[in-house]
Amino acid sequence: MTRFNRWISLKQPDKQRALGLETAAEYRARWISIRVLYFTGFVMFLAFGIVATGVWPYLKSLDPGANKVFLAYVFAVPPVGQMFFSPFFGWWTNKLTSVRAPLILLVGVFIVGNILYSLTDEFERHRRYILLVARGLVGVGTSAVTICRAYISAATRVSERTKTISYMSLAQSIGLMIGPTFQSVFSALGEQGFSVFGWFRINMYSSAGWVCVILGVFNMVLLMPYIFRDSPIAVKEAMKSQGAANAKETWKSMQLQYFAITQTIVSFSLLMLLYVAFQALLSPIALDQFGWTNEESLFYLGILMTVGALISCVLFLLLDPLCKRFGESNVLVYGAMFALFLSQLMLIPFGSEPITSVTEVGNLTELHNSTTVASGCPLTQEWCQRIPPISKVQFTISYTLLCVSFSIGTTLSQAVFSKLLGPRPQGTWMALLTCAGSAARILGPGSVTLYVLFGTYWTFGAGSVLAGLVFIWMWVYRNTLQPAKPVVPPEMAEELKVLNSKNIVQ
């Protein structure tokens, strides 16, 4: 309870006051600004989750001729926009003394994209392409996540960073988790909805965009100077520990560990790739392997995903004490990468009975004459006749392990990545990490094609090999995943060792 009260009151702990890096007022202002960015992360990821279930029926209502191929473009364009614009905004952030201007600009683009998404129904022609542009603008706006990561790296001490990034991940996960709930609530409006002063109509689909607009405007208010302030405490901590006279001197004294940095980028990308791939395969596996109907699939997978999201939230809260107990590199290697390997391995089916095909669960004549999609493995997937099915137990355990590995891995990859870079401006570097994640999100759904053409052995066998190789690589070199340290002359080594033990080492 004492810790919770301190979290609410933003009272500076006595140990931090003794360091002399900031006053109590500066401490309070710093953590208010960090929490503004928690809200920014929540809003940006809410924009992904809130349209996840509604964008396909919305697209069909706007343009009945649109197909699922175009739907894939609608889902792919936000990460594409994020991938192309993150490097520019990351570089721009490094050139500025405050991240406020790029953040406000990106939140503004985010608002415009959601307004366009909500008003697409008001256009008479080219609606599908207007919707595509709207989602692209939202994707560009979510590049703000890159700036949030860079700011957290600059506005936290090394010992605070893992917990802060965990809370940012928690905020983002909550946004993804409750997004579909908003869409479900708005379904009561129906497709007709209601007219606003005769200017435009709000219905069950456009309301999702308007929620993001309102939250975006509130987010912009929170970024105003009287609430949000830049607090470069990471540089102050490094300068004090090294006895440096200025910030550039601290950056130059810390050499970049390119090998370890590459490890974190690869681990982050692989976690994102395999997580997105499995998310894309959830419905095909449920329909093909278990013989569920569409209704059963939505119901049971909804329960599974909700439980997985709750597991992730709990892990985000427990991550900081786990890392203090076992060490960040160990938790990353074993809790994330090894769990990822096991999650892929668990999906490789075993047994001798083939998957139930669509011909065994219904009459072919009835199927051709019916609009209902039959459950079971389609005839076009000839591998179903020789490969055994994935059991429900395998499926559940695998998804649970995947949620554990993804929650731990993506958070710690960012935390370790930030600490490896040291106190230098991290806008461009964080943009590189964002681009790697965006590329993985674009490539991930391609696993559906691999699954349809070659089956489960190839799909999850390839995932097991990739995850296994990366796990072994990171396990062998796990000791390199340590915070950046200054390169100092031998005569100063003992003095800096004492300072670092008090101020830097967790």
Derivation and outcome, side chain to side chain contact (heavy atoms under 4.5 Å, CB included), residues Y58 and T120: CA-CA 10 Å; Y58 187 33; T120 305; 3.8 Å; yes
So that I know where these two stand, are [X] and [Y] an aromatic pair - ring centroids less than 6.0 Å apart?
| X | Y | value |
| --- | --- | --- |
| F70 | Y129 | yes |
| F290 | F395 | yes |
| F218 | F39 | yes |

Quick one: sort the [X] and [Y] rings into parallel, tilted or perpendicular, breaks at 30° and 60°.
| X | Y | answer |
| --- | --- | --- |
| F460 | F278 | perpendicular |
| F48 | F45 | perpendicular |
| F471 | F338 | tilted |

Side chain to side chain contact (heavy atoms under 4.5 Å, CB included) evaluation trace for F42 with N219: CA-CA 10 Å; F42 166 79; N219 194 172; over 6 Å; no
Y300 OH: over 12 foreign heavy atoms closer than 6.0 Å: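 At most 12 heavy atoms, drawn from other residues, nucleotides or ligands, come within 6.0 Å of this atom.
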Closest heavy-atom pair and its distance - [X], [Y]:
| X | Y | result |
| --- | --- | --- |
| S153 | Q426 | OG-OE1, 2.9 Å |
| L401 | S343 | CB-CB, 3.8 Å |
| L340 | S405 | N-CB, 3.6 Å |
| A415 | I165 | CA-CD1, 3.4 Å |
| W383 | L453 | CD1-O, 3.9 Å |
| L274 | A467 | CD1-CB, 4.3 Å |

Is there a side-chain contact between [X] and [Y] in this structure, where contact means two heavy atoms from C-beta onward sitting under 4.5 Å apart?
| X | Y | answer |
| --- | --- | --- |
| L469 | V465 | yes |
| P388 | Y457 | yes |
| T459 | F454 | no |
| T164 | Y38 | yes |
| F110 | V43 | yes |
| V470 | M337 | yes |
| L62 | D121 | yes |
| W429 | L256 | yes |

Tell me if a side-chain donor or acceptor on [X] pairs with a main-chain N or O of [Y] at a distance below 3.5 Å.
| X | Y | value |
| --- | --- | --- |
| S118 | W210 | yes |
| Q414 | T410 | yes |
| S413 | G409 | yes |
| E122 | L119 | no |
| Y399 | L282 | no |

I need the [X] [atom1] to [Y] [atom2] distance, nearest 0.5 Å.
| X | Y | atom1 | atom2 | value |
| --- | --- | --- | --- | --- |
| F123 | L116 | CZ | CG | 5.5 Å |
| L318 | C313 | CG | SG | 11.5 Å |
| R441 | L273 | CZ | CG | 12.5 Å |
| L433 | S418 | CG | OG | 10.0 Å |
| F417 | I265 | CZ | CD1 | 4.5 Å |
| L189 | R201 | CG | CZ | 11.0 Å |

Judged by modelled atom types alone, do [X] and [Y] share a side-chain donor-acceptor pair under 3.5 Å?
| X | Y | answer |
| --- | --- | --- |
| S169 | T411 | yes |
| T434 | S86 | no |
| Q257 | T480 | no |
| D288 | Y451 | yes |
| T162 | K419 | yes |
| T156 | R161 | yes |

Verdict with reasoning, L103 to L37, per side chain to side chain contact (heavy atoms under 4.5 Å, CB included): CA-CA 10 Å; L103 271 177; L37 296 194; 3.7 Å; yes
Residues M430, T93; criterion side chain to side chain contact (heavy atoms under 4.5 Å, CB included); working and verdict: CA-CA 11 Å; M430 286 298 172; T93 300; over 6 Å; no
